[in-house]
Amino acid sequence: MPKPRLTEKRWKPEHEVELQKKWKEEKLYGFNEDTEKEILVIDNPPIYPSGSKELPLNPGQLVSYNYIDMVARTSRMHGKEVLYPHCFDRNGIKIERMVKNETGKNSRETGREEFNRLCEEKLDRMEKLINEVFYRCGLSFQEGKHIYRTDSEDYRKLTQQTFKELWDHGLIYEDHRPNNWCPNCRTAIAEAEVEYKEGSTTLNHIKFKLPDGEEKEIATTRPELLAACQAVLVHPDDERYTQLHGENIEIPIYNRKVPIIPHHYAEKDFGTGMLMICSYGDKADVKIFRELNLDPIEAINKENRMTQRTGSYEGLTVEEARETIIKNLKEEGLLTKQEQTHHRKPVCEACGTRIELIPMKEWYLNQTKFLNQIKGKADEIEFLQPQHKRTLLDWTESVTIDWAVSRRGAYATEIPLWYCLKCNHPIVPEIKRYYRPWKEEPPIEECPKCGGKEFKGEEKVFDTWMDSSISNLYVAGYRRNEERMEKTYPEKIIRVQGRDIIRTWLYYTILKNIQLKDQKAFGKVWIHGMGLNEKGEAMSKSKGNFPDPKPLIEQNGVDALRFYAAEEANIGEDYRVSEERIKGAKKFLTKLWNTARFVSMFEQTEKPSEIKETDKWILSELNRLIQECEEGYSRYNFFPVANKVKNFVQNQFASHYLEMVKKRAYEEDQSALYTLHTVLRKIIKLIAPIAPHITDKIHRELYEGSIHREMMPKKEKEAEHGELTETLMEFNHSVWKNKKDQGIALKEEAKDTSIPKELEPFKEDLVQMHNIKGE
RNA sequence: GGGUCCGUAGUCCAGUGGUUAAGACGCUACCCUUACAAGGUAGAGAUCGGUGGUUCAAAUCCGCCCGGACCCACCA
């Protein structure tokens with residue numbers, strides 16, 4: 001009995017860490033800029049270092065980054081030079097809020113300089129925690145000069161440079177208009193950052209007075225906005241109010257008259273059929289103010305308090321004002337009814353605070369002009385999961401207003417802009433380096449408009465999507481490495497991301513690339529589904545409804561997690577993270593290990609001149625498997641690969657072929673030894689992108705060097721006997737079942753057994769395997 | 001209200017017109033058989049959401065209904 005070269009009886013996840021060390025020493029995953037090979041740039045999502053000390057990542061995120069690593073490894077094994085930078089998104093209000101919660105102070109209290117320093121420290125700490133987990137996964141991204149952080153001077157400079165380009169194209173303008181304002185984060189936020197919470201609220205019926213003294217009831221959920229009411233709408237066909245069209249009606253408390261206007265927006269069946277339009281109760285108000293050209297009255301300020309326009313309510317918070325005004329209306333008999341109604345209130349995605357629509361000056365990027373072009377470019381980009389293109393198109397269709405790109409944050413890329421102190425003219429200088437206008441001298445001599453010599457720096461910063469929407473350009477080398485840009489942009493770039501950020505990251509990137517380069521942003525888009533928890537709910541950091549991913553890896557190994565992720569669902573579909581099923585994947589890895597262990601007992605041989613029939617059969621099955629894997633890998637879909645390889649290893653190679661070939665193998669039949677090693681070697685390559693540790697361990701122990709320098713096996717010319725698989729497996733099962741029914745051991749003689757005619761070629765091996773006499 | 005997708009065993013997930021519906025997890029029984037008991041062998045478990053139609057033939061195509069997920073709009 002020969003000794004196996006793989007001595008351990010099981011695959012041990014501890015080997016993963018040793019291998020990762022080797023990979024690092026051998027610099028396996030570098031990027032060679034001067035390569036002759038085809039380059040693939042992986043525009044992968046810079047991770048945002050949020051979460052908590054205990055749980056910097058949820059299991060779904062961890063799977064996402066492992067999926068992306070599979071894309072990189074697959075491409076390398078297809079002979080590509082892969083640029084796959086490790087990257088962090090480190091700008092914006094999320095980190096500011098974390099610092100505020102920890103220190104209890106905001107940037108005005110600590111000073112902006114100090115606050116930014118605290119943000120940076122916090123980010124560095126979070127980054128370390130994330131890296132601990134990433135390194136334990138053995139992700140094959142590049143660090144060193146290829147790592148990037150969106151808050152680095154280099155990256156922020158590019159954000160500012162591209163802003164300058166947009167400015168020069170005339171796409172940036174300042175406007176005073178209602179914005180989604182988060183009173184807690186103290187900044188305007190984009191439409192995509194607004195979430196809606198279901199709930200019930202009180203609908204108050206309030207008496208308004210007609211000129212003839214008659215009273216009409218109007219229902220509202222926002223009575224504190226009475227002071228900002230500028231019109232009352234009724235449906236044009238509502239017969240109750242036809243004679244009132246064009247009349248004036250008097251607002252209670254303020255005794256101010258506003259017109260009654262017929263408008264389709266008013267529904268006959270809701271409330272009393274009469275509705276008051278205020279600046280601004282909701283998005284519909286904004287639309288109608290614009291449509292009817294009404295004069296807005298500012299009732300709520302940025303501190304979430306009532307303004308002097310609300311009279312005696314000045315200084316109260318919105319909630320206090322609502323309570324007080326309801327009390328006052330009751331006292332005066334003007335409140336006739338209160339009922340509960342269902343609605344959704346808009347809240348800040350980052351902190352959950354109710355947002356208000358407050359008019360303010362912000363910088364806008366024209367996006368509405370480009371919506372048709374976005375759809376056009378989307379058609380040029382190959383969506384590897386076509387089902388997700390719909391989400392992008394639907395979102396594009398729903399965009400109605402331009403993108404407010406300025407924010408009132410502290411830790412973010414500064415808007416590189418100065419105002420002339422004399423004439424207030426805004427100036428964006430040539431971007432020669434990264435500028436911080438709130439603390440730096442302007443790189444400007446004099447105002448081009450009035451010749452003024454003194455300037456004031458802009459204090460506002462950019463929405464973080466302004467940074468991340470140029471990630472593909474940054475990585476491809478825009479304005480930094482024109483040669484790489486030339487070679488890769490846009491066709492050789494693949495965008496990899498989750499379906500949760502289609503409306504933001506994907507949409508904004510496509511928009512910016514049209515505006516800056518009039519190009520599609522990348523050749524391909526690859527979108528994965530979301531990891532759900534065991535109940536099927538989306539995992540969210542704010543809810544904390546997920547398990548800690550670290551023990552999952554420690555106990556099962558990252559290869560088990562990855563194999564699980566690959567075999568669980570087609571790329572693009574959501575999947576439930578299940579510990580039980582990860583353990584199942586680990587069992588398969590053990591099976592693979594032991595299969596390799598068996599093969600490792602035998603010497604490798606040259607290809608003999610004659611291959612025996614049974615060996616031809618398994619080689620033909622292997623060929624079929626390779627082809628099926630090729631189909632999966634061509635779309636970076638690991639699902640068919642994992643499932644087909646697992647099925648082949650467990651249900652064909654191990655259960656049938658190994659049993660059939662054992663006798664010949666022990667006798668050192670050259671055809672058997674050659675086939676055993678050929679099949680093993682190819683199947684570990686087939687799943688090397690999915691399970692990079694165990695396959696590399698086997699490869700290093702049995703063959704030469706790392707598997708991660710090898711190419712993916714290619715299909716060879718048709719081998720024989722593929723059509724006999726079913727018959728062969730059925731025959732074996734029937735013999736096993738007979739022996740079991742007769743209560744005899746598998747090695748006992750199989751009596752009354754005859755080999756079917758089609759299986760004649762395998763006769764000798766079958767006779768040995770089942771111990772068939774008299775054949 | 002408009003749209004997209006989905007519904008296959010206790011669970012997950014293949015199968016897009018053609019014998020008996022694939023596989024995995026879990027479950028049951030037997031077996032330490034010399035690669036593997038974190039294993040092997042055998043087995044139970046599905047009227048393919050319901051219903052009507054097209055067809056020689058439907059899990060698969062079409063209509064309607066039920067259930068679920070997501071997106072958009074609306075929510076005075």
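Below, chains carry the letters A, B, ... as their sequence lines are ordered, and counting in each starts from 1.
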What is the distance, rounded to the nearest whole Å, between atom [atom1] of [X] and atom [atom2] of [N]?
X: A:Glu579; N: B:A38; atom1: CD; atom2: C1'; answer: 15 Å
X: A:Gln650; N: B:A35; atom1: CD; atom2: C1'; answer: 14 Å
X: A:Arg597; N: B:G39; atom1: CZ; atom2: P; answer: 14 Å
X: A:Asn570; N: B:U16; atom1: CG; atom2: P; answer: 12 Å
X: A:Lys739; N: B:G40; atom1: NZ; atom2: C1'; answer: 14 Å
X: A:Leu532; N: B:C13; atom1: CG; atom2: P; answer: 9 Å
X: A:Phe563; N: B:C25; atom1: CZ; atom2: P; answer: 11 Å
X: A:His388; N: B:C6; atom1: NE2; atom2: P; answer: 12 Å

Taking the [atom1] atom of each, how far is [N] from [M], in whole Å?
N: B:U20; M: B:U33; atom1: C1'; value: 32 Å
N: B:C71; M: B:U55; atom1: C1'; value: 37 Å
N: B:C62; M: B:G23; atom1: P; value: 28 Å
N: B:C6; M: B:C13; atom1: C1'; value: 13 Å
N: B:A69; M: B:U47; atom1: P; value: 24 Å
N: B:A44; M: B:U60; atom1: P; value: 26 Å
N: B:G17; M: B:A59; atom1: P; value: 13 Å

**Presence of donor-acceptor pair under 3.5 Å, side chain of A:Lys591 and base of B:C36** =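 Result: at least one qualifying N/O pair found.
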
**Asked** Less than 3.5 Å between a donor and an acceptor, one on the side chain of A:Lys737 and one on the base of B:A42, is that the case here?
**Response**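 In this structure, the two groups form no donor-acceptor pair.
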
**5' priority, RNA chain B, between A:Lys9 and A:Ala266 [closest heavy atom]** =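 Of the two residues, A:Lys9 wins.
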
**Item:** 5' priority, RNA chain B, between A:Gly271 and A:Gly584 [closest heavy atom]
**Value:**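 Final value for this comparison: A:Gly584.
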
**Asked** So does A:Glu667 have more than 12 non-hydrogen atoms from other groups sitting under 6.0 Å from CD?
**Response**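 Buried by this count: over 12 neighbours within 6.0 Å.
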
**A:His733 side chain near B:A42 phosphate (N/O to OP1/OP2, under 4.0 Å)** =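 The answer is yes; a side-chain N or O of A:His733 sits under 4.0 Å from OP1 or OP2.
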
**Asked** Between A:Tyr564 and B:C13, does any side-chain N or O lie under 4.0 Å from OP1 or OP2?
**Response**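 No, because none of the side-chain N or O atoms of A:Tyr564 sits under 4.0 Å from OP1 or OP2 of B:C13.
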
Once you apply a heavy-atom cut-off of 4.0 Å, does [X] come out as touching a base, just sugar-phosphate, or nothing?
X: A:Lys662; value: base
X: A:Thr391; value: nothing
X: A:Lys646; value: sugar-phosphate
X: A:Glu8; value: nothing
X: A:Glu573; value: nothing
X: A:Ser578; value: nothing
X: A:Phe639; value: sugar-phosphate
X: A:Ile277; value: nothing
X: A:Ala284; value: sugar-phosphate

Whether [Y] and [X] form a salt bridge (side-chain N of Lys/Arg under 4.0 Å from carboxylate O of Asp/Glu) is what I want to check.
X: A:Glu397; Y: A:Lys375; value: yes
X: A:Glu579; Y: A:Arg581; value: no
X: A:Glu215; Y: A:Lys207; value: yes
X: A:Lys586; Y: A:Asp559; value: no
X: A:Asp669; Y: A:Lys663; value: no
X: A:Lys268; Y: A:Asp237; value: no
X: A:Glu291; Y: A:Lys287; value: no

**Request:** Identify which one of A:Ile571, A:Leu384, A:Val641 satisfies the side chain to side chain contact (heavy atoms under 4.5 Å, CB included) criterion when paired with A:Tyr636.
**Result:**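 In the set A:Ile571, A:Leu384, A:Val641, the residue that makes a side chain to side chain contact (heavy atoms under 4.5 Å, CB included) with A:Tyr636 is A:Leu384.
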
I'd like a list of close polar pairs between nucleotides 9-12 of chain B and the protein, N/O only, cut-off under 3.5 Å.
| residue | atom | partner | partner atom | Å |
| --- | --- | --- | --- | --- |
| B:C12 | O2' | A:Glu568 | OE2 | 2.7 |
| B:C12 | O2' | A:Arg581 | NH2 | 3.4 |
| B:C12 | O2 | A:Arg581 | NH2 | 3.1 |

